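Here is the structure we will look at.
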Amino acid sequence: MQNITHLLRSRRFAPLFATQFLGAFNDSLFKQAVVLFVTYKLFSNPAKEFQFSAIAQGLFILPFFLLSALSGQLADDHDKARLIRIIKLAEVTIMALGGAGIVFASIPLMLAAVFAMGIHSTFFGPIKYAILPQHLSRDEVLGGTGLVEAGTYLAILGGTILAGVLASTPAWAAAITIAVAGLGYLTGRQVPSAPPAAERIAFDRHIIRASVALVSGTMHIRRLFLAILSISFFWTIGAVLIIIFPPLVKNVLGANEQVASLFIAIFSIGIAIGSVLINRLLKSEVSARYAPASVLVMGLFVLMLHFVALSWGRHGPGLTTLGNFIFHPAAGFMIIALLGVAVSGGMFVVPLYAFLTTTVAKTETARTVAANNIVNSGAMVIGSLLAFALSSIGVGPGGQLVLVAAMCVVSAWLGWKLHLACD
């Protein structure tokens, strides 16, 4: 814990942590406000609600697949702190676009802003991980990665709660996202310089060629290949879960926007807990030895979530409030299941991100993270399409939870293979 607390007081880490925290908060506030607004105010058709959630998720992920190769090259070839300032300034404009979409109830504008935020995150993602080995010592990288992940999900928690509170006043949500983007730009200006650690590289602007070269150039290291594969399959599961939550709350549990926000909030708290807990268990060692057990436990909690949803019972046409939800006989089991899924998921994925930045030379960290983002995003798009297709043929959130539980078994197998490769 000393490792963690001293990082939070250090200028080589604290401004980056604050910038990432504010960005994740804003991203969560905006996306959750859009989903709640569309699900509860614009649509009254369960299939359309599910499909809009899938489309929004797919649009946010698509830039990771298309532009990660360019973002990795930029981050390894330029001062990362300077890139952060440019990216965070762009966020202010994007939030203005998204705010206009919310105020005028324009689905095209809202989706355009979601897509633009995906571009923003595509270029910021490699930087936030690749800058850690430049500013931190090797035995601080796992702790720093865990803090970034924990802070991210606590920020998601805050954004989610605020989106639920402001569900009836979307104009306020729009104004706050613009203000937070401006604050993120100011904290980003405090990040210490992180110049490229190598001579300038030849910049390839051809999206497909650069992406193929980046991924193929990264995957030759076996444990790096297995780490990227494990992370990607995990986020395929995550994509399905993110899509499932709003329709599950409204159409299976019969609950309102505040309960939907509670679900995301519990999930965020759990991942934050898991991110810090795994650092304590591993004592700052980068290792996958707890990965298989963690994701198997996650699968068991997903099954628990499924069975609790099945036993929830029928509900009337009116949506129940947060207070009524809390007093439902099965609410405690639902909350325990959600928290269990998130804690075990955080314990699984955080050490794998540390692999990405410690397996290769510092000159290649951003491109390695970018290669991971390409594969991740492709897997998450597949997850979004899978959720969309299953909903189109009548498989609801409850049935899709069973699929998620089965996918956790595959993740455990990949985690075990990674552990053996590292040993």
Side-chain angles (χ1 to χ4, degrees), residues 5 7-37 60 71 75 79-103 109-110 112-132 135 144 147-167 169-194 261 264-265 268-269 271-272 275:
T5 54
L7 287 179
L8 288 173
R9 296 191 301 268
S10 171
R11 186 171 180 267
R12 59 199 171 99
F13 180 78
L16 174 69
F17 178 85
T19 304
Q20 165 62 14
F21 184 93
L22 291 168
F25 177 90
N26 225 19
D27 181 56
S28 171
L29 172 58
F30 175 70
K31 286 196 296 182
Q32 184 73 354
V34 166
V35 169
L36 292 178
F37 181 62
F60 183 78
S71 70
D79 188 317
K80 297 174 183 62
R82 181 171 180 271
L83 291 176
I84 286 173
R85 297 183 192 109
I86 295 171
I87 292 166
K88 301 314 288 186
L89 186 60
E91 184 185 356
V92 179
T93 304
I94 295 169
M95 287 297 98
L97 174 68
I102 292 174
V103 170
L109 276 181
M110 287 187 280
V114 168
F115 181 69
M117 279 304 290
I119 296 174
H120 161 276
S121 298
T122 298
F123 282 89
F124 186 73
I127 297 172
K128 73 179 182 184
Y129 289 114
I131 204 172
L132 293 178
H135 288 164
L147 273 177
V148 168
E149 290 297 301
T152 296
Y153 284 96
L154 288 175
I156 291 172
L157 165 64
T160 298
I161 292 173
L162 188 57
V165 170
L166 300 176
T169 55
W172 274 103
I176 291 172
T177 56
I178 297 171
V180 173
L183 185 58
Y185 169 71
L186 294 177
T187 60
R189 291 183 62 85
Q190 304 305 312
V191 176
S193 177
S261 294
I264 304 296
S268 302
I269 291 171
I271 292 187
S275 300

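Remember, it's a predicted structure, so these values are computed and weren't measured experimentally.
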Problem set entry | For the student: nearest non-hydrogen atoms of Val180 and Leu22, plus distance | CG1-O, 3.6 Å

Exercise. Considering residues at least two apart in sequence or located in another chain, which fulfil the side chain to side chain contact (heavy atoms under 4.5 Å, CB included) criterion with Ala181?
Worked result: Asn26, Glu91, Val92, Met95

Problem set entry | Audit row: Ile176, Leu166, side-chain contact (heavy atoms from CB on, under 4.5 Å) steps and yes/no | CA-CA 10 Å; Ile176 291 172; Leu166 300 176; 3.7 Å; yes

Problem set entry | Contacts of Phe17 that satisfy ring-ring contact (aromatic ring centres under 6.0 Å, His included) - sequence neighbours left out | Phe13

Problem set entry | Pro15 versus Gln190, closest heavy-atom pair with distance | CG-O, 3.6 Å

Problem set entry | Closest non-hydrogen atom pair, Ala163 against Ala33 | CB-N, 3.8 Å

Using distance only, find each side-chain donor-acceptor pair of residues 121-128 under 3.5 Å and give its atom names and separation, not counting sequence neighbours.
unit_1: Ser121; atom_1: OG; unit_2: Met117; atom_2: O; d: 3.1
unit_1: Thr122; atom_1: OG1; unit_2: Phe64; atom_2: N; d: 3.2
unit_1: Thr122; atom_1: OG1; unit_2: Gly118; atom_2: O; d: 2.7

Exercise. What are the two closest heavy atoms between Ala173 and Leu29, and how far apart are they?
Worked result: O-CD2, 4.2 Å

For this session: For residues Phe60 and Asp27, determine if any side-chain heavy atom of one lies less than 4.5 Å from a side-chain heavy atom of the other.
Result: yes

Problem set entry | Greater than 12 external heavy atoms within 6.0 Å of Arg12's CZ | yes

Problem set entry | Between CG on residue Leu183 and CD1 on residue Ile178, distance to nearest 0.5 Å | 14.0 Å

Exercise. Just how far is it from atom NZ of Lys88 to atom CG of Leu186, taken to the nearest 0.5 Å?
Worked result: 11.5 Å

Seminar exercise, completed: Rounding to 0.5 Å, atoms CD (Gln20) and CD1 (Ile84) come to a distance of 9.5 Å

Exercise. Which atom names give the shortest non-hydrogen contact between Pro192 and Ala81, and what distance separates them?
Worked result: O-CB, 3.3 Å

For this session: Please examine the side chains of Leu132 and Leu16, heavy atoms only from C-beta on, and report whether any two atoms are closer than 4.5 Å.
Result: yes

Problem set entry | Heavy-atom side-chain contact between Val191 and Ile131 under 4.5 Å | yes

For this session: May I ask you to check whether over 12 heavy atoms, not counting those of Arg82, lie within 6.0 Å of atom CZ?
Result: no

Exercise. How long is the gap from OG1 on Thr177 to CZ on Phe25, to the nearest 0.5 Å?
Worked result: 10.0 Å

Problem set entry | Nearest non-hydrogen partners of Gly151 and Phe21, listed with the distance | O-CD1, 3.2 Å

